[in-house]
Amino acid sequence: MTERLIRGRVLSFVAEPQGIDDTASYRYFEDGAVLMRDGRIVETGDYADVRRRAGADVEICDHRPNLVLPGLIDTHLHFPQTQAIASYGAQLLEWLNTYIFVEEQKFAEAAHAGAVADRFMDELLANGTTTAVAYCSVHPESVDAYFTAAEARGMRMIGGKVMMDRNAPDALRDTPQQGFDETTALIGKWHGRGRARYAISPRFAITSTPAQMEMSQALVAENPTCYVQTHLSENNDEIAFATSLYPDAKDYTDIYTRYGLLNERMLLGHCIHLSDREIGVLAETRSVAVFCPTSNLFLGSGLFDRDRFDKAGARWSVATDVGAGTSFSMLETMDEAYKVLHLNGQKLTPFNSFYRMTLGNARALGLEKEIGTLDAGTEADIVVLDSRAKSAMEYRMRTAKSLLEELFILQTMGDDRCVAEVYVAGKPMKGRSLKGEAATGRQLENA
């Protein structure tokens, strides 16, 4: 039995914040602690209370005065695009053809896929992200590399092979039957193995024929516990192209509706240019729209209209969308989300930003009983954030007078340098000596 106690200023959400002063939506302990045992959280609360109930030999990791939160969650990104970030000067369809489809062809080589997967997981952890939902390439080797790298680190990850049988280079096309057979085999190998979960992934309507969409429908029907992911209404040219390929559909969303793909486990990237009818369909099916602010700005795609989704009762989450997204950091992503909504005349409070990165995104995945909080019984994925990590932040923090101000400083000025430590299933991942941390913790405790 391995028991470890994390000490710091502990923050975890219990509900979505309603307004800027909704203190009932979160739990905060100024001198708090999280007790972990065998990869799960045993107790969270005031340090003195939790310490009394811990074993005499518990290892204490003292992170004061930093903030201790649940590990951050990213609901949409592309692991084969790790080296394609910052590819200059194109909108969506040109960007895909010029840069991304060229990059993804490299993933036929298992060694390349493995090397990128390792770097991808390390970048996530460096930015405090402990769970993510990612697209792999069309190659089964890329899926094996992705889940192997996640398993080596003990991470809860979701992902799957993209299926594409048209409007892509020959080297990136499968066939409807090949996509079905390879996805079925990969689900059998990885879905539910440890912390891995599979996402059935027809890339988007443009790159799948009706025959492949029918195969996707069969996969979803046969594997109801798998996630589903695709793209929807990111770019006006994309919408026109997709609907021209499916002329009988009412609109872009109706393409996916007709093939039975919309359900509460469906993650739809972008959803920028939807009609009221389409948002209503998402609400009715409980599908999740995924807001990708840095990507939408980088490709000039448009501005996500959160209030229309909230008014309709439609679910939404937030994601980096690497590599059109410009950072692995959920902090930097929420900074851009704030600006996008501001341009739409909408507000995003600091508490709501941190809710979205943790419990909000966990709820979008239906995993709130496992991740996204610091509740007893949940998996011990934790991030420690230093709001004074950069000199400009330290200077600004001298005038901060509240937790709300501190969170906004982290969101607005923060990046990977603010991630002091990350714990995955209770294990520290930043490479520092745990033994040294434990000794420091005991010295501070006894001081």
Side-chain angles (χ1 to χ4, degrees), residues 72-81 124 129 131-136 143 146 150 156-163 183 186-187 190-191 196-205 207-208 213 216-217 219-220 223-234 238 242 252-253 255-257 259-272 274 278-279 281-296 301 304 306 309 312-325 330 333 337 356-368 370-372:
L72 307 183
I73 301 167
D74 188 345
T75 56
H76 178 112
L77 68 172
H78 297 257
F79 119 74
Q81 296 176 19
L124 290 176
T129 298
T131 290
V133 187
Y135 292 73
C136 302
V143 182
Y146 173 83
R156 176 174 283 285
M157 296 291 288
I158 301 165
K161 154 196 157 65
V162 295
M163 293 180 285
T183 298
L186 290 164
I187 290 170
W190 290 109
H191 185 61
R197 298 294 182 270
Y198 200 88
I200 297 164
S201 308
R203 190 180 199 125
F204 63 158
T207 52
S208 287
M213 296 296 276
S216 299
Q217 182 175 18
L219 285 165
V220 171
N223 301 280
T225 63
C226 284
Y227 292 90
V228 195
Q229 61 180 351
T230 191
H231 297 79
L232 174 63
S233 293
E234 180 177 0
E238 169 216 8
Y252 197 167
T253 301
I255 298 170
Y256 299 131
T257 306
Y259 291 100
L261 300 183
L262 299 186
N263 60 45
E264 64 182 8
R265 301 176 79 78
M266 166 62 97
L267 302 165
L268 294 154
H270 308 295
C271 297
I272 300 172
L274 297 183
E278 291 176 281
I279 294 177
V281 170
L282 299 195
E284 181 181 349
T285 59
R286 292 190 50 75
S287 301
V288 179
V290 186
F291 176 20
C292 304
T294 73
S295 167
N296 299 157
S301 300
F304 184 81
R306 179 206 58 196
F309 288 84
R315 303 165 70 208
W316 60 278
S317 64
V318 187
T320 64
D321 193 28
V322 166
M330 287 299 295
T333 296
R356 284 289 161 186
M357 290 186 279
T358 56
L359 177 57
N361 274 358
R363 285 177 167 175
L365 299 176
L367 290 174
E368 65 270 23
E370 297 295 331
I371 58 174

Parallel, tilted or perpendicular: ring planes of Phe309 versus Phe304, cut at 30 and 60 degrees:
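Phe309 and Phe304: parallel rings.
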
Would you mind reporting whether [Y] and [X] have side-chain heavy atoms less than 4.5 Å apart?
X: Val143; Y: Thr183; value: no
X: Glu238; Y: Phe204; value: yes
X: Leu232; Y: Leu274; value: yes
X: Leu367; Y: Arg156; value: yes
X: Val220; Y: Met266; value: no
X: Ser317; Y: Val290; value: yes
X: Arg315; Y: Glu264; value: yes
X: Leu267; Y: Leu365; value: yes

Out of [options], which one pairs with [X] under the side chain to side chain contact (heavy atoms under 4.5 Å, CB included) rule?
X: Tyr135; options: Lys161, Gln81, His76; answer: His76
X: Glu368; options: Leu359, Thr358, Asn361; answer: Leu359
X: Ser295; options: Leu77, Thr320, Asp321; answer: Asp321

Work out which heavy atom in [X] is nearest to a heavy atom in [Y]; give both atom names and the distance.
X: Pro224; Y: Arg265; answer: O-CD, 3.6 Å
X: Ala199; Y: Gln229; answer: CB-NE2, 3.8 Å
X: Ser233; Y: Glu278; answer: OG-OE2, 4.3 Å
X: Val318; Y: Pro293; answer: CG1-CD, 4.3 Å
X: Leu268; Y: Ser287; answer: CD1-CB, 3.9 Å
X: Val162; Y: Cys136; answer: CG1-O, 3.3 Å

Enter the distance from [X]:[atom1] to [Y]:[atom2] here, rounded to the nearest 0.5 Å.
X: Asn223; Y: Ile187; atom1: CG; atom2: CD1; result: 4.0 Å
X: Trp316; Y: Phe291; atom1: CH2; atom2: CZ; result: 7.0 Å
X: Tyr252; Y: Cys271; atom1: OH; atom2: SG; result: 9.5 Å
X: Leu261; Y: Thr253; atom1: CG; atom2: OG1; result: 12.0 Å
X: Leu262; Y: Thr257; atom1: CG; atom2: OG1; result: 4.0 Å

Quick one: ring pair (Phe, Tyr, Trp, His ring centres under 6.0 Å) partners of Tyr146, sequence neighbours excluded?
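In terms of ring pair (Phe, Tyr, Trp, His ring centres under 6.0 Å), with neighbours along the sequence ignored, Tyr146 is linked to Phe79.
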
Evaluate side-chain contact (heavy atoms from CB on, under 4.5 Å) for Met163 paired with Arg203, printing each intermediate quantity in order.
CA-CA 6 Å; Met163 293 180 285; Arg203 190 180 199 125; over 6 Å; no

Report yes or no: do Tyr256 and Thr230 form a side-chain donor-acceptor pair below 3.5 Å?
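Judged by distance alone, the side chains do pair up.
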
